[in-house]
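Structure first, commentary second.
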There are 2 protein chains.
Amino acid sequence: MRNAPDGLRHALLERLMHYYHFLSDVTEAGLGETVTSGQVAELMHTDDTLVRKDLAAIGVRGLPNVGFKCAEVVSAIRDALGFDHPYRAVLIGVGRLGSAIASYRGFSSYGLEICGLFDKDPVKVGLVGGGLVVLPVQRLALVVAQHHASMAIICVPAEDAQEVADLAVSAGIKAIWNFAATDLVLPDDVFVRHEHISVGLAVLSYHLNQAARGNG
Amino acid sequence: MRNAPDGLRHALLERLMHYYHFLSDVTEAGLGETVTSGQVAELMHTDDTLVRKDLAAIGVRGLPNVGFKCAEVVSAIRDALGFDHPYRAVLIGVGRLGSAIASYRGFSSYGLEICGLFDKDPVKVGLVGGGLVVLPVQRLALVVAQHHASMAIICVPAEDAQEVADLAVSAGIKAIWNFAATDLVLPDDVFVRHEHISVGLAVLSYHLNQAARGNG
DNA sequence: TAGATTGTTAATCGATTAACAATC
DNA sequence: TAGATTGTTAATCGATTAACAATC
């Protein structure tokens with residue numbers, strides 16, 4: 001299980017996503033065809049040099065006295081992050097969170113297509129969510145093979161997560177998006193992104209307490 | 001709007017949460033009263049010196065030749081992050097994601113209590129979720145004042161998020177947990193944690209592409 | 001005591017920021 | 001041209017890692 005991506009570091013990926021959203025908005029709103037690194041930096045509360053360095057890292061060059069072409073930056077980010085090379089995922093655990101994720105319409109623009117929903121609860125099997133029918137987990141391996149799915153989105157309760165992850169890995173899954181509140185132990189060649197809500201909670205709790213203590 | 005907490009840096013907070021979960025598990029499972037920095041480091045794929053530095057930063061001292069007392073570390077982390085100083089939040093937007101969050105039972109152990117659910121849709125008003133009745137957004141300010149709520153959890157569609165955030169701020173909210181897929185522009189004294197799902201997507205997409213290109 | 005593990009100082013590493021010539 | 005903005009080199013800063021004496 002590798003947590004740190006090689007190549008582009010995590011902090012850079014996060015900043016790239018931020019640029020991406022900002023520039024997509026600018027472009028859609030027709031607010032101009034170019035931006036300067038200073039404009040982007042101001043919005044992100046960071047340094048203009050950092051913005052130029054980040055963009056240079058993904059091969060975008062700006063124009064002196066003008067700035068960067070929004071459309072060019074957007075497509076360079078899509079290319080660097082691979083959004084135009086679609087991949088498929090199975091989603092396991094169609095509870096509240098699982099069905100919220102299954103019904104999210106925005107994934108396709110990032111290259112993700114959900115090709116199967118699974119649950120071990122017979123009551124949930126057969127329900128329809130996001131245009132897909134919920135299947136029993138026993139059929140996971142088949143669907144993964146049929147659709148060449150490379151990712152599993154795990155939305156089961158914490159106590160079932162490891163079992164489900166093992167099942168996904170044995171079906172050939174190479175990346176796991178883990179929404180269960182537990183760590184997973186997995187082979188080194190399986191990439192895991194752990195989306196634990198408590199990290200956000202910790203940051204907020206810490207901040208509110210700092211503020212209450214007069215250091216905020 | 002300040003994104004970087006002073007004092008403990010974000011990466012440190014994240015590692016502390018990881019230690020916390022690991023050590024809570026160890027304690028609950030009765031797997032021993034102490035751990036060494038090396039054991040923790042191995043599990044987190046990091047360096048033992050870093051673990052000791054992190055724990056020193058929150059005032060925990062270990063015992064040479066023994067390690068750290070799990071219970072002591074856990075309570076030091078709770079103290080550093082403020083989990084034992086409860087605070088209240090209102091949740092706005094009771095769609096799929098909002099109701100999944102409203103029904104999550106684990107918040108109280110991190111000090112968070114949800115004291116009100118709100119929605120602008122009259123159809124949703126009156127529904128019950130997580131033991132609370134959904135109220136119209138017009139009553140937000142009243143509930144915030146009554147319960148001394150300091151946080152707003154925003155789960156409305158992106159296009160409504162700024163409006164709802166402004167409303168929360170004018171009601172006296174000091175921190176926002178933003179699940180809407182959009183940036184918010186807010187006063188400097190309001191702390192924002194943006195929980196954008198696309199960051200996780202970007203990391204996964206990038207990784208899968210690197211793997212496909214043979215660099216993974 | 002010998003061995004294991006800590007706490008801390010020093011060294012390294014990488015990321016961010018500053019400075020500034022090059023360019024349009 | 002003058003002014004604005006880039007790209008890049010050098011300087012700074014902070015975080016991580018290595019080394020090792022102190023401790024149980």
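This one's a predicted model, so the numbers in the text were calculated from it and none came from an experiment. Sequence lines set the chain letters: A, B, ... in the order given, protein chains first and strands last, and positions in each chain run from 1.
Applying a 4.0 Å cut-off to non-hydrogen atoms, none of the residues of residues 70-78 of chain A approaches DNA chain D. Residues from residues 29-37 of chain B with heavy atoms under 4.0 angstrom of DNA chain C, sorted by number: B:Thr36, B:Ser37.
When rounded to the nearest whole Å, the span between CG of A:Asp47 and P of D:dT12 equals 16 Å. In this structure, the CG atom of A:Asp54 is 7 Å from the P atom of C:dT16, given to the nearest Å. In this structure, the NZ atom of A:Lys69 is 15 Å from the C1' atom of D:dT6, given to the nearest Å. Per the geometry, CG belonging to B:Asp48 stands 9 Å off C1' belonging to C:dT5, to the nearest Å. Rounded to whole Å, atom C1' of C:dT16 lies 18 Å from atom NE2 of A:His45. In this structure, B:His10 atom NE2 and D:dG14 atom P are separated by 19 Å, rounded to whole Å. In this entry the distance linking NZ of A:Lys53 with P of D:dT8 reads 10 Å, nearest Å. Counting to the nearest Å, the P atom of C:dA15 and the CZ atom of B:Arg9 are 13 Å from each other.
Between B:Cys70 and B:Thr34, every side-chain heavy-atom pair lies at or beyond the 4.5 Å cut-off. Counting only heavy atoms from C-beta outward, the side chains of A:His10 and B:Val203 approach each other to under 4.5 Å. For the pair B:Asp166/B:Leu186, a side-chain contact is recorded, criterion being any heavy-atom separation below 4.5 Å from C-beta on. With contacts defined as side-chain heavy-atom distances shorter than 4.5 Å, the pair B:Ile197/A:Phe107 qualifies. Side-chain contact between A:Leu201 and B:Trp177 is present, with heavy atoms from C-beta onward closer than 4.5 Å. Proximity of A:Phe191 to A:Ile176: side-chain heavy atoms (C-beta onward) are nowhere separated by under 4.5 Å.
Here the CG-CG distance, from B:Leu204 to A:Leu81, works out to 11.5 Å after rounding to the nearest 0.5 Å.
Counting only N and O atoms by type, the side chains of A:Ser150 and A:Arg88 include no donor and acceptor under 3.5 Å apart. With hydrogens and angles left out, the side-chain atoms of B:His18 and A:Asp183 include a donor and acceptor closer than 3.5 Å.
Checked against side chain to side chain contact (heavy atoms under 4.5 Å, CB included), B:Asn65 has no partners two or more places apart in sequence or in another chain.
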When the side chains of residues 21-29 of chain B are checked against the rest of the protein, which donor-acceptor pairs come out under 3.5 Å, sequence neighbours left out?
from: B:His21; atom 1: ND1; to: B:Met17; atom 2: O; distance (Å): 3.2
from: B:His21; atom 1: NE2; to: A:Ser198; atom 2: OG; distance (Å): 3.4
from: B:His21; atom 1: NE2; to: B:Tyr110; atom 2: OH; distance (Å): 2.9
from: B:Ser24; atom 1: OG; to: B:Tyr20; atom 2: O; distance (Å): 2.7
from: B:Thr27; atom 1: OG1; to: B:Leu23; atom 2: O; distance (Å): 2.7

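Nearest approach of A:Ala149 to A:Val90, heavy atoms of both residues: CB-CG1, 4.3 Å. Counting all heavy atoms, side chain and backbone alike, A:Leu112 lies closest to A:Ala89 at CD1-CB, 3.5 Å.
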Kindly give the atom pairs (protein nitrogen or oxygen, nucleotide nitrogen or oxygen) under 3.5 Å for nucleotides 19-24 of chain D.
from: D:dC24; atom 1: O2; to: B:Asn65; atom 2: ND2; distance (Å): 3.4

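Taking every side-chain heavy atom of A:Leu50 into account, C:dT17 is the closest of D:dG7, C:dT17, D:dA18.
The phosphate of D:dT16 has OP1 or OP2 within less than 4.0 Å of a side-chain N or O from B:Arg15.
A stem is defined here as three or more consecutive Watson-Crick or G-U pairs, each with both distances under 3.5 Å; for DNA chain D these stems are C:3-24 with D:3-24.
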